[in-house]
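Shown next, in structure tokens, is the structure this report addresses.
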Amino acid sequence: MAQVIEVSDLTKRYRDVRAVDGVTFTVQQDTIYGLLGRNGAGKTTLMSLITAQSLPTSGEVRVFGEHPYENPRVLSRMCFVRESQRYPDEAAPVHAMRAARLFFPHWDQDLADRLGEELRLPLKRRIRKLSRGQLSALGVVIGLASRAEITFFDEPYLGLDAVARQVFYDTLLADYAKHPRTIILSSHLIDEVAHLIERVMVIDQGHILMDEPADDLRDRAATIVGNRDLVEAFVSGREVIHSESLGRVLAATVLWRLSDADRAELAGLGLDVTPVSLQQLIVRTTQHADQAGVPEEVLS
Ligand SMILES: Nc1ncnc2c1ncn2[C@@H]1O[C@H](COP(=O)(O)OP(=O)(O)OP(=O)(O)O)[C@@H](O)[C@H]1O
């Protein structure tokens with residue numbers, strides 16, 4: 001699959017903070033990425049660098065093979081939806097959409113109209129008077145209707161109610177099926193977006209900790225539950241990222257791809273295996289990396 005973004009040894013420093021710290025990766029065409037990480041991990045900074053909204057301290061970004069900075073050929077093919085988006089003082093959503101229609105070559109007005117209605121976006125109210133959720137709704141409408149070849153959604157759900165979030169997820173999936181493109185979605189609600197994500201990228205303290213297909217990640221760990229001694233014997237020598245005990249029962253989450261033979265052995269021992277949700281896995285591995293202090297070795 002073609003690569004649409006190439007990032008090499010990219011660093012962004014703010015005084016003594018390395019918000020992005022020497023990262024190298026590529027982004028594949030027509031794939032939905034989940035860009036996940038804790039507060040302050042570097043997600044927004046990374047997206048701002050790729051979309052040329054800020055300049056790197058060092059390193060390089062190429063989008064569609066070109067430098068994105070002040071490059072209209074590249075910029076009109078990318079859309080960055082974020083909470084801190086600025087609009088002119090007197091502008092209403094209808095004006096923002098008109099501007100987006102002029103800027104994005106694949107803009108779909110029908111989709112914008114339909115989604116605006118479903119999200120109950122007041123089209124003629126001044127943007128600075130919109131509620132937080134309505135502002136997010138405007139970003140979601142512009143992000144999806146832009147049909148940009150690469151669309152970044154930086155926590156697009158802030159303030160959106162549960163119904164609106166579901167409308168966003170459903171519309172994203174349905175529209176992506178008809179018009180495949182690259183979508184990079186940053187989110188804290190990992191399990192809520194887990195079914196959308198094809199590839200997971202986890203960032204922590206400016207480093208990329210994981211970059212892999214979501215399905216591979218799900219298979220990578222399991223929780224073994226049962227008699228303490230038996231569980232301990234089974235996980236011995238394997239990477240345990242979390243354990244909890246209650247009396248003689250131990251639940252140990254192990255970074256291990258269980259084979260059929262492993263499963264048969266566990267069944268024979270009377271131990272249960274429960275799947276680990278994407279959120280649990282990412283939270284546990286990020287915490288584990290913190291404690292181990294060697295993220296790449298632990299997680300690759
Ligand atoms: N303009 C700035 N000046 C100084 N430090 C900054 C600036 N912008 C970001 N940072 C710092 O860089 C780090 C990464 O911030 P960033 O906003 O990229 O994180 P994030 O992963 O998007 O976080 P969140 O999930 O909380 O939005 C943080 O430590 C933040 O405090």
Q | Distance-only donor-acceptor check, side chains Y176 and E198, under 3.5 Å | A | yes
Q.
Please enumerate all residues that pass salt bridge (charged side-chain N to carboxylate O under 4.0 Å, His left out) together with R218, with sequence neighbours excluded.
A. D215
**Q.** M47 and F80: CA distance, side-chain angles, deciding distance, side chain to side chain contact (heavy atoms under 4.5 Å, CB included) verdict
**A.** CA-CA 8 Å; M47 291 189 275; F80 184 16; 3.7 Å; yes
(Q) Quick check on the hydrophobic clustering: are F104 and L102 connected, directly or via other members, by side-chain heavy-atom contacts under 4.5 Å? (A) no
Q) Is D229 atom CG crowded by more than 12 heavy atoms from other residues, nucleotides or ligands, each under 6.0 Å away? A) yes
Q) Under a 4.5 Å side-chain heavy-atom rule over Ile, Leu, Val, Met, Phe, Trp and Tyr, are L271 and V249 clustered together? A) no
Q) Between R77 and F64, is NZ or CZ placed under 6.0 angstrom from the six-membered ring centre and within 45° of the ring axis? A) yes
(Q) Check this for me: does any side-chain nitrogen of one of E212 and R199 sit under 4.0 Å from a carboxylate oxygen of the other? (A) no
**Q.** Among I208, V23, I184, L36, side chain to side chain contact (heavy atoms under 4.5 Å, CB included) partner for M201
**A.** I208
Q) Charged N to carboxylate O under 4.0 angstrom, E155 versus R82? A) no
Q) Heavy atoms, side chains only, cut-off 4.5 Å: are R165 and L189 in contact? A) yes
Q. Shared ILVMFWY cluster between V20 and F25, side chains joined below 4.5 angstrom?
A. yes
Q: Of all the heavy-atom pairs spanning G133 and L160, show the shortest one and how long it is.
A: O-CD2, 3.3 Å
(Q) Is it true that R228 and S245 share a donor-acceptor pair across their side chains at a distance under 3.5 Å? (A) yes
Q.
Could you report the tightest heavy-atom contact between Q280 and P275, atom names first, then the distance?
A. OE1-O, 4.3 Å
Q | Within 6.0 Å of CZ in R248, more than 12 heavy atoms from elsewhere | A | yes
(Q) Under a 3.5 Å cutoff, is there a donor and acceptor pairing between the side chains of T253 and T223? (A) yes
Q. Considering all heavy atoms of both residues, which atom of L255 and which atom of A221 are nearest to each other, and what is their separation?
A. CD2-CB, 4.1 Å
Q | Criterion side chain to side chain contact (heavy atoms under 4.5 Å, CB included) against S186, the qualifying member of V193, L35, T44 | A | L35
Q: Could you tell me whether the side chains of T24 and D9 share a donor-acceptor contact shorter than 3.5 Å?
A: no
**Q.** Pair D175 + R147, salt bridge at N-O below 4.0 Å
**A.** yes
Q. Is there side-chain contact between I5 and I50, with at least one heavy-atom pair below 4.5 Å?
A. yes
(Q) On the six-membered ring of Y14, is R18 placed so that its NZ or CZ lies under 6.0 angstrom from the centre and within 45° of the ring axis? (A) no
Q: Could you state whether V17 and L10 fall into the same hydrophobic cluster, counting links through intermediate Ile, Leu, Val, Met, Phe, Trp or Tyr residues with side-chain heavy atoms under 4.5 angstrom apart?
A: no
Q.
Take a 6.0 Å sphere around CZ of R62 and say whether it holds more than 12 heavy atoms from other residues, nucleotides or ligands.
A. yes
Q | D211 side chain near V200 side chain, heavy-atom distance below 4.5 Å | A | no
**Q.** Interatomic spacing from CD1 in I224 to OG in S243 - rounded to 0.5 Å
**A.** 12.5 Å
Q. Are F152 and T51 side-chain neighbours, meaning at least one heavy-atom pair lies under 4.5 Å?
A. yes
**Q.** Within 6.0 Å of CG in L246, more than 12 heavy atoms from elsewhere
**A.** no
Q: Supply the atom-to-atom distance Q29 CD to Q3 CD, rounded to the nearest 0.5 angstrom.
A: 10.5 Å
**Q.** Check: Y157 ring centroid to Y169 ring centroid under 6.0 Å
**A.** no
Q: For residues L130 and P93, determine if any side-chain heavy atom of one lies less than 4.5 Å from a side-chain heavy atom of the other.
A: yes
Q. Which atom names give the shortest non-hydrogen contact between R181 and E149, and what distance separates them?
A. CB-O, 3.7 Å
Q: Could you list the residues that satisfy salt bridge (charged side-chain N to carboxylate O under 4.0 Å, His left out) with R15, not counting sequence neighbours?
A: none
Please set out all donor-acceptor pairs under 3.5 angstrom arising from side-chain atoms of residues 109-124, sequence neighbours excluded.
from	atom 1	to	atom 2	distance (Å)
Q109	OE1	W107	NE1	2.7
Q109	NE2	D113	OD1	2.9

Q | Hphob cluster co-occupancy, L173 + F168, side-chain heavy atoms under 4.5 angstrom | A | yes
Q: State, to 0.1 Å, how close S54 and Y69 come at their nearest heavy-atom pair, and which atoms those are.
A: O-CE2, 3.4 Å
Q: Answer yes or no: is there a side-chain heavy-atom contact under 4.5 Å between V61 and P68?
A: yes
(Q) Within the 4.5 Å heavy-atom criterion, are Y87 and R128 side-chain neighbours or not? (A) no
Q | Which atom of V63 lies closest to which atom of M78, heavy atoms considered | A | CG1-SD, 4.0 Å
